[in-house]
Amino acid sequence: MFQYGNIGITGNVPVLSTLNGRLSNRLARHFHAAPHRLPAHAPMVSFTFDDAPDSAAAEGAAMLESHGGYGTFYLAGSLIDQPGDHWRGLSSDAIVRLHRSGHEIGCHTYSHLRAVDLDESAMAREIERNRSYLLGIESSIRLENFAYPYGLASVWRKPQLARIFRSARGILPGVNSNVIDLQFLRASPLINCEIDTDGVDRYFDEAVASGGWLIFYGHDVVDAPSPYGCTPGLLRHALKAAVTRSMPIVTVAEALRRIGA
Ligand SMILES: [Zn+2]
C-alpha cells in the first residue's frame, strides 16, 4: 500500500486495522457507488496534487498555467507549512495564490489520517477541522471534493463523505469512462517511480478512445522527486500530451460541472 514512511504525519500508521482496512477499501469500490454516466466523447484530464508540497504549488501550478490548465490540490491542514522527510508543505500564502489564480483547493483529512481508521464522528471532526483551518486562510475557499489519504477508501465512510462532498478520489489507476463512481474516482500516478512517458501516453490514448476523464495524482514536482512525486520533465510531457490531443486540463470541480454531475 501507499506509504510515506514518516513525513511528520504518520510514522505510526495504525497497523491494527490494516487487514480490515484493505477489505474496507476493496468493498468501497463496489458499494455505495454514486454512478454517473459520462456524456458522449468528452475526453479531459485533471492533474491533482495531494498534501501538497511547496514544489507542487509553485513549479507544478506554474506549469499547468503555462499550458492553459488548472489543478486540484487536496490539502490536509496539519501539513501546511510543515517540514517533512520528503518536502516542505506549501505555505498559507501559496494556498491563497492557488485559489485566487483558479486552481481548486480540495479536502483531505486534517491530520492526514486514513478513512479506515476513523469512525463517523472522528471523520466529521477531521473534515470540519480541515474546513475551518483552510477557510481561516482564505474565506472564499469552498471544499467541494475529497481525496482519501493514502488512496485508501472505507466502505463505511464512503456514504458519509458522499453527503459532504461532490466526489471522492482514490488511487485506483485507470480512466474514468462510461458509468463512473463519483465517490471513488479513479486516478493514475504521475510519479516517476511508478510510470514513464510511454505509460502516461497510454493513459491519454485510452482517454481519447473512451472519451473518458483521466485523473493523475502526485505530490512533489522537482528534479530529484520523492518516491511519491514527479520531475518537471514528466509533468511537462503529460501536459503536452493533453495539449496535443486537445484535451482540456481542468480541475476536478470543473470536470464535474462539464459532465453534469
Ligand atoms: Zn495525502
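Read the numbers this way: they start at 1 and go in the same order the structure lists the ligands and their atoms.
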* Asked: Got a sec, which pairs hit salt bridge (charged side-chain N to carboxylate O under 4.0 Å, His left out) with one end in residues 164-175, sequence neighbours left out?
  ->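 Checked against salt bridge (charged side-chain N to carboxylate O under 4.0 Å, His left out) - neighbours excluded - the pairs reaching residues 164-175 are Asp50-Arg169, Glu144-Arg166.
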
* Asked: So, is Asp51 placed with an N/O/S atom under 2.8 Å from the Zn ion (ligand 1), counting both backbone and side chain?
  ->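 True for Asp51.
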
* Does the shortest distance from the Zn ion (ligand 1) to an N/O/S atom of His112 fall below 2.8 Å? ->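 Yes, within the cut-off.
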
* Asked: Mind checking who shares a hydrophobic cluster with Val250, ILVMFWY linked at side-chain heavy-atom distances under 4.5 Å?
  ->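 Joined to Val250, directly or through intermediates: Leu38, Met44, Tyr74, Ile180, Leu182, Leu185, Trp213, Ile215, Val252, Leu256, Ile259.
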
* To do: Provide the atom name of the closest N, O or S atom of His108 relative to the Zn ion (ligand 1).
  =>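 Per the distance ranking, His108 contributes NE2 as its closest N/O/S atom to the Zn ion (ligand 1).
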
* Under 6.0 Å between the ring centres of Tyr148 and Phe146? ->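 Yes, ring centres under 6.0 Å apart.
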
* Is any NZ, NE, NH1 or NH2 atom of the basic residue among Arg29 and Asp181 found under 4.0 Å from an Asp or Glu carboxylate oxygen of the other? ->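 Salt bridge flag = no for Asp181 with Arg29.
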
